[in-house]
**Student:** 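Right, I'll just put the structure down here and ask away after.
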Amino acid sequence: MNYRAVRAIYLFEMARTWRTLLQSIVSPVVSTSLYFVVFGAAIGSRISQVEGVSYGTFIVPGLIMLSVLTQSIANASFGIYFPKFTGTIYEILSAPISYVEIVLGYVGAAATKSIILGLIILATAGLFVPLHIHHPVWMLTFLVLTAVTFSLFGFVIGIWADGFEKLQMIPMLVVTPLTFLGGSFYSIDMLPPTWRTVALLNPVVYLISGFRWSFYEIADVSVSVSVGMTVAFLAICLAVIWWIFRTGYRLKN
Amino acid sequence: MTIGQHLPENYHLRARFETIFLQPIAAEQGHSYFQAPLLSAQKGAGSGDSLPHPHRPPMSSIISVANLSKTYGSGFKALKNINLDIKRGEIFALLGPNGAGKTTLISIVCGIANPSEGKVLVGGQDIQTSYRKARSLIGLVPQELHTDAFESVWATVSFSRGLFGKPKNPAHIEKVLKDLSLWDKKDNKIITLSGGMKRRVMIAKALSHEPQILFLDEPTAGVDVELRKGMWEVVRGLQQSGVTIILTTHYIEEAEEMADRIGVINKGEIVLVEDKATLMQKLGKKRLTLHLQGKVTSLPESLSQYRLDLCDNGATLVYDYDTKGERTGITSLLSDLRNAGIRFNDLDTTQSSLEDIFVDLVRAS
Ligand SMILES: Nc1ncnc2c1ncn2[C@@H]1O[C@H](COP(=O)(O)OP(=O)(O)O)[C@@H](O)[C@H]1O
Ligand SMILES: [Mg+2]
């Protein structure tokens with residue numbers, strides 16, 4: 001194992017984060033605060049309670065997931081897309097490092113960044129609504145699992161994308177709608193039965209449900225199903241990445 | 001001989017263009033970019049740094065390419081059954097027109113492209129099964145300027161060392177940067193550097209992990225003449241410290257100036273590999289130039305067997321001949337000229353350059 005290479009890539013990527021600190025951290029915090037103002041305060045004041053917690057409190061896990069998901073994908077896809085775009089990928093490809101090490105470096109950094117972000121949003125939310133977390137260990141587990149899984153997913157997108165439009169496309173057209181429809185702002189029990197069945201096809205539902213359970217012990221689906229679905233998606237991403245490196249898809253001619 | 005009309009890429013014209021027009025860039029800097037360097041001795045390098053190259057112990061091959069072919073996804077066959085050995089410690093120039101497959105060959109050896117067929121050994125290690133060992137021996141400076149933008153010079157060069165799994169060694173990085181006259185730029189962001197400096201940053205990155213082999217893919221393309229000379233000094237310094245250097249170029253003068261051996265590649269095939277000196281000797285032609293008394297508009301039929309060229313509006317007559325041929329034909333040419341009544345004031349002969357040899361080879365293949 002070439003640990004020094006993993007470290008080099010990881011630190012390089014983290015350095016990029018610190019350089020763009022404002023954009024990386026401040027903007028998600030601001031937009032999350034806006035969600036609280038709009039959904040929590042304005043709309044929430046007219047909704048009494050959802051399954052025993054105030055609406056503002058209810059949406060916290062969903063909001064964190066929303067940011068962690070989108071930021072994981074954005075960070076990881078950009079992290080690997082950019083060297084492809086500038087051509088500096090030549091150095092990664094010609095270095096004595098394995099695929100596993102490349103993925104560890106890039107995905108590790110992207111996931112670290114979105115975990116930090118998730119925790120910052122959690123702290124921000126604490127300023128608006130009272131929070132207490134029933135299962136902190138599970139909360140962290142879901143957070144890490146989601147960050148890693150979607151960073152892997154972002155890595156795949158970054159390799160697949162051959163233009164900036166494609167880089168934006170999947171997050172915008174697929175991930176954001178799925179997240180909004182995935183129960184960030186409501187419990188899918190609130191939906192009519194048919195729509196509830198449709199919603200269960202959305203993988204994000206399982207993530208948010210599990211994550212919310214770790215906070216309040218309320219869940220749309222059982223926790224084990226949530227964990228199972230997340231791990232399944234993680235496995236799919238790993239398989240795709242394994243295939244990418246085995247074939248050199250969009251990396252090597 | 002009509003050099004210039006058959007050139008595959010007008011490469012010598014370009015070389016001249018750049019020589020003439022890009023000079024102000026060097027002048028503006030007011031000093032030589034490169035201090036004649038002796039980059040730090042590389043471990044595992046051949047013994048006797050001070051020995052001039054030809055007196056080294058017999059050189060074993062450090063890179064061995066066997067039956068290598070490359071077909072791109074588009075179906076284009078960029079390399080056709082390449083066989084090539086690079087000797088330890090030499091400067092090898094891979095010479096060929098644009099599109100010949102030079103970059104493709106380098107990319108495969110360095111792990112950037114996958115071979116379609118064949119085998120490559122680097123330091124005895126298979127580039128596919130022992131890629132870690134093979135790649136750690138290699139430093140690559142690609143053809144295009146691919147650099148980060150917002151990192152500092154120091155950070156990007158240190159990053160490269162880490163990527164190759166080497167422990168931190170600020171002293172080495174400092175030496176490399178100083179040898180490449182980049183030391184005073186070490187804290188500058190790469191984006192603020194000139195093109196020539198960026199290229200040197202790429203060389204510094206390639207040297208950061210103390211490679212035994214250095215690939216320079218068209219190191220001086222688009223580089224002004226002073227910078228080019230500086231680059232050659234760097235390369236020689238590296239060779240003296242034991243590094244094997246493979247450079248590609250389509251500037252003949254570069255191969256002629258630098259290389260110990262030259263390989264000519266054209267349309268994906270190695271046309272020839274030869275010691276430079278042997279190549280010059282073996283394929284060298286001489287040119288006899290006759291400065292005529294008065295102008296001649298056309299040549300009589302009796303001289304048609306000599307394939308003469310009338311130049312300067314009929315003021316000079318040019319005859320190319322093979323020095324290794326049994327008969328040069330000069331004696332009979334001169335007597336036939338006298339019989340035809342063509343007189344001359346003066347004559348001179350010149351050895352043809354590598355450039356001429358190259359044009360002949362490429363035209364023949
Ligand atoms: N990725 C690619 N896909 C298809 N053809 C390519 C690719 N890269 C290079 N080629 C073709 O392969 C040939 C050799 O290219 P290259 O190795 O870059 O030549 P050189 O470096 O000698 O100029 C060229 O005809 C080029 O168009
Ligand atoms: Mg090339």
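The structure presented is a predicted model; accordingly, all values stated were derived computationally and were not measured. So that the names make sense, note that chain A is the first sequence line, chain B the second, and so on, each numbered from 1.
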**Student:** Is Thr147(B) in contact with chain A via its backbone, its side chain, both, or neither, using a 4.5 Å heavy-atom distance?
**Tutor:** backbone
**Student:** List the residues meeting ring-ring contact (aromatic ring centres under 6.0 Å, His included) with Phe12(A), not counting sequence neighbours, and say none if there are none.
**Tutor:** Phe159(B)
**Student:** What residues of residues 146-174 of chain A sit under 4.5 Å from chain B when you count only heavy atoms?
**Tutor:** none
**Student:** Can you tell me which of Leu11(A), Val6(A), Leu251(A), Thr88(A) forms the most heavy-atom pairs within a distance under 4.5 Å of chain B?
**Tutor:** Thr88(A)
**Student:** Please classify the contact between Ile89(A) and chain B as side chain, backbone, both or neither, with a heavy-atom cut-off of under 4.5 Å.
**Tutor:** neither
**Student:** Against chain A, label Lys133(B) side chain, backbone, both or neither, depending on which of its atoms sit under 4.5 Å from a heavy atom there.
**Tutor:** neither
**Student:** Please output the residues of residues 148-156 of chain B in contact with chain A, using a heavy-atom cutoff of under 4.5 Å, in numerical order.
**Tutor:**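 Within residues 148-156 of chain B, the residues that come under 4.5 Å of chain A (heavy atoms only) are Asp148(B), Phe150(B), Glu151(B).
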**Student:** Using a heavy-atom distance cut-off of less than 4.5 Å, which residues of residues 137-144 of chain B contact chain A?
**Tutor:** Leu140(B), Pro142(B)
**Student:** Please give me the minimum heavy-atom distance between Pro96(A) and Leu163(B), naming the atom from each residue.
**Tutor:**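 Answer, listing the atom of Pro96(A) first, then Leu163(B): CD-O, 4.0 Å.
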**Student:** Closest heavy-atom contact between Ser94(A) and Arg135(B)?
**Tutor:**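 For Ser94(A) versus Arg135(B), the nearest heavy atoms are O-CD, 3.3 Å.
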**Student:** Of the listed residues (Asn114(B), Leu145(B), Thr104(B)), which shares the most heavy-atom pairs with chain A below a 4.5 Å separation?
**Tutor:**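 The residue among Asn114(B), Leu145(B), Thr104(B) with the greatest pair count is Asn114(B).
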**Student:** If you count heavy-atom pairs under 4.5 Å with chain A, which of Ala134(B), Ser107(B), Ser160(B), Ser116(B) comes out on top?
**Tutor:**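 Looking at each of Ala134(B), Ser107(B), Ser160(B), Ser116(B) in turn, Ser160(B) comes out on top.
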